[in-house]
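Source: prediction; values computed, not measured. All chains are named by letter (A, B, ...) in the order of the sequence lines, taking the proteins before the strands, and each is independently numbered beginning at 1.
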Amino acid sequence: MNLERLPNEEKLTLCRKYYFGGFAFLPFLWLVNVVWFFKEAFVEPTYTEQLQIKTYVKRSGLGFLLWVAVLTTWITIFQHFRAEWGEVGDYLSFTIPLGIP
Amino acid sequence: MVSLFDSIHSLGDLVKLVTSIQLFLFFCLSDVSCNSVAQKIYVELNNTVPCVRLLNATHQIGCQSSISGDTGVIHVLESEADLEWPLSKGPNPPYMVLLESSLFTKSIMMKMKNASSRVAGVVVVQKTSPPEFSPHTTCPNENTGVYTETYDHNLAHCNTTVWNPRGNGLSYEEFDSPVFSLKEDNETEVIKQCYFDHNRVVNGSGLQYPLCAMQLFSHMHAVTDTATCMRRSSMDFSTSPVMVCDPLGGYNVCAFIRPYNSTAFGHKENESVVIAAARLDSRAFFLEDSTGAEGSVSGFVTLLAAAQALREATQEAPPTRNILFAFFHGEVFDYIGSSRMVYDMKNNMFVIDLDNVHSILEIGQVKTCISINVWTYKCMDIRSNNNESVTNLVKNLQSSTAGLNFSLVETDFSQPLPPSSFQRLLRARAIPGIVLADHQTDINNRYYESFYDNAAHLNLTYPSNLSPEEQLEFVTDTAKSLTEVATAVARALFKQAGGNNSQVNKINADPKTVTQMLYGFLVRSNNSWFQSSHQANALTYLVQYLLANLTGTATNLTQSQCKKPDELPNESTYLYSYLWVQGVVPPNSTQRESFCVRTAVRLVKAVSPAFDLGDYISKEYSTWTKSQWKFIKARIFLVASRDLEMLTLGVGVAVLFTSLLVTYFVRTKADVLFSSVREPNNAAY
């Protein structure tokens with residue numbers, strides 16, 4: 001969707017919706033927020049709502065990075081230790097590979 | 001208007017494309033020798049026997065390939081020293097090592113196992129038998145017999161007698177690469193030809209690509225141990241749960257002389273049963289290749305002949321005690337069949353229970369030794385249990401051998417029992433019994449539990465000018481000696497069951513039956529006698545139908561009546577089972593004279609009690625399972641060098657990028673390139 005034609009208040013509402021939506025365990029909404037509104041927040045010349053949009057974009061970015069860190073850590077641990085955890089590892093898995101521990 | 005013509009053009013092209021596809025498919029599907037590219041590259045090998053993965057409570061054994069097959073350059077091994085080429089010197093790893101059966105030894109296999117990065121797999125071609133080879137362990141079934149740490153521990157773990165001293169334990173090793181077995185036939189010739197054409201080492205120097213390679217697929221689903229794979233089989237999160245492994249087992253074949261109501265389980269008042277037991281199964285390194293001529297076939301054939309011999313006498317003058325002929329399956333894997341029967345008896349799931357059992361006579365390995373003098377056949381040894389009524393059993397057996405051409409020798413008390421189903425019964429209750437075997441100390445079988453334990457090892461020799469039908473009828477020396485044993489066993493069983501002593505000498509086993517059975521089980525199962533009982537290949541069903549034929553009575557029922565005999569007044573499925581036997585083909589017609597036989601033979605499920613109890617780490621019962629797999633195949637093809645493959649890939653990628661660049665360039669300069677062509681079209685419209 002092209003943000004050029006939107007009035008500024010609607011841009012702010014959109015950014016706010018995506019920011020709050022991301023709290024529902026949806027980090028991709030925050031990623032979309034950052035990518036979509038980056039130009040609006042940091043590149044465009046200043047307008048009234050830009051400060052708010054900037055804070056939303058920054059916080060979305062932080063939240064997304066946090067999610068990335070947590071998920072990467074968990075996925076690394078799980079992939080490495082699943083075979084050693086035996087029964088617990090099997091119960092945590094949805095698909096268990098055949099033929100390898 | 002431009003667009004209309006364009007669309008008509010493209011429609012025409014589309015129609016042409018569709019019709020050409022249809023024509024291609026039509027010809028392709030109707031003609032079998034379609035010009036498929038795959039058929040030009042690969043040669044499929046059809047008669048292969050793979051080594052599969054087995055698991056128990058603690059280990060996994062057997063072989064595993066990767067999910068997309070293991071490929072290796074074929075190398076035919078000529079001697080043990082030649083192993084250096086695939087292991088270190090060869091320039092084109094990984095190798096697929098092809099060896100003959102004489103080189104299939106533990107040292108070579110272990111060396112290849114340790115170098116699994118350079119050896120992609122092993123293929124064994126069965127040719128000549130080595131002088132001795134036993135891939136089984138030195139102490140078979142050491143933890144599930146009667147001798148444990150708590151009971152007679154100085155006899156446990158083969159402390160006194162090592163039963164299989166030649167055992168190298170190869171069947172119980174774990175391999176990371178596939179191992180297949182091939183017979184020597186056309187396919188092996190193709191492989192050898194391919195090897196000589198492309199792979200031959202010339203003066204120890206490098207080889208020219210393309211090289212002949214083989215790819216083996218034998219991806220096994222199960223891993224780690226039985227508990228893991230049973231747990232994974234039972235979890236069904238996904239829509240189609242995948243069964244990962246199956247418990248090993250089969251069916252025991254049981255027959256009483258006087259059948260009981262098969263729905264009434266548990267103790268039978270005032271009934272006393274003598275059990276005559278034998279083992280049905282055997283194993284080899286390649287699980288489907290097992291023949292077990294000396295190890296198991298000799299034993300159960302003798303018992304079948306004894307059952308036939310007893311039929312007349314027990315019908316005329318039934319003895320006081322009942323006799324149960326029990327053929328146990330799965331004994332080589334920690335006594336699956338016998339532990340199941342004992343479990344059923346203890347838990348009132350069998351028609352009798354342990355209190356009803358009077359004594360046991362088990363026939364173990366009974367290939368009699370070839371005599372030195374013509375009339376002096378050597379030893380039959382007896383293993384006996386420390387109990388007073390055993391002496392009666394021994395006396396009965398001794399007296400039964402009167403007039404027969406072999407002698408019985410009681411082995412020394414210090415010797416433990418050999419691995420036998422009797423051990424499982426003893427583990428539950430101290431029942432008197434004996435085991436007959438032809439060895440005095442260790443099991444004197446050079447090919448114990450290996451695929452060389454076949455007809456040749458049992459000395460089944462036929463004169464060369466006989467047709468298959470004549471060979472079926474020819475009575476070999478082995479058959480004669482087994483017949484003697486069967487006669488002795490039958491008479492001893494009759495006396496043990498309290499039969500009338502005057503009838504004993506009329507009990508004689510039939511050598512013709514024995515030799516036909518030996519021929520059918522060891523030489524060729526597709527013979528007229530086997531086919532007249534049942535057209536099946538599985539050992540259990542063959543034994544079931546044979547026992548039915550030998551001990552049952554033929555009736556006049558039609559085929560539909562045979563399936564539902566309860567409707568008839570005199571027949572009862574509680575006591576008997578009714579089997580439809582194919583019958584022989586009379587000389588003048590082509591139709592078989594089939595008939596319905598009424599018999600007391602039943603198949604009893606023989607799966608280890610550990611699976612019923614859900615105790616997959618059981619130390620008490622067998623926990624063996626076999627992995628499942630999707631498909632197993634092998635194929636050979638020519639393989640190109642890595643450099644050529646990389647070059648082809650590189651050229652392809654370069655062409656892709658070049659075409660992208662050209663397209664981008666043409667697109668940006670489109671007005672310059674195409675402007676002159678457009679104007680005439682515009683002018684026309």
Within a 6.0 Å radius of atom CZ on Phe38(A), are there more than 12 heavy atoms belonging to other residues, nucleotides or ligands? no
So for atom CD1, which belongs to Ile617(B), do other residues, nucleotides or ligands contribute more than 12 heavy atoms lying within a distance under 6.0 Å? no
Tightest non-hydrogen contact, residues Gly99(A) and Val223(B), listed as O-CG2, 3.8 Å
Output for pair (Ser234(B) OG, Asp90(A) CG), nearest 0.5 Å, gives 9.5 Å
Is any side-chain heavy atom of Glu87(A) closer than 4.5 Å to one of Thr228(B)? no
Are more than 12 heavy atoms, taken from residues, nucleotides or ligands other than Leu26(A), located less than 6.0 Å from that residue's CG atom? yes
Rounded at 0.5 Å granularity, tell me how far CD1 in Ile100(A) sits from CE in Met220(B). 15.5 Å
Would one find more than 12 heavy atoms of other residues, nucleotides or ligands at under 6.0 Å from atom CZ of Phe78(A)? yes
Is there a side-chain contact between Val244(B) and Leu98(A), using heavy atoms and a 4.5 Å cut-off? yes
Which residue out of Gln628(B), Gln64(B), His221(B), Arg53(B) racks up the most heavy-atom pairs below 4.5 Å with chain A? His221(B)
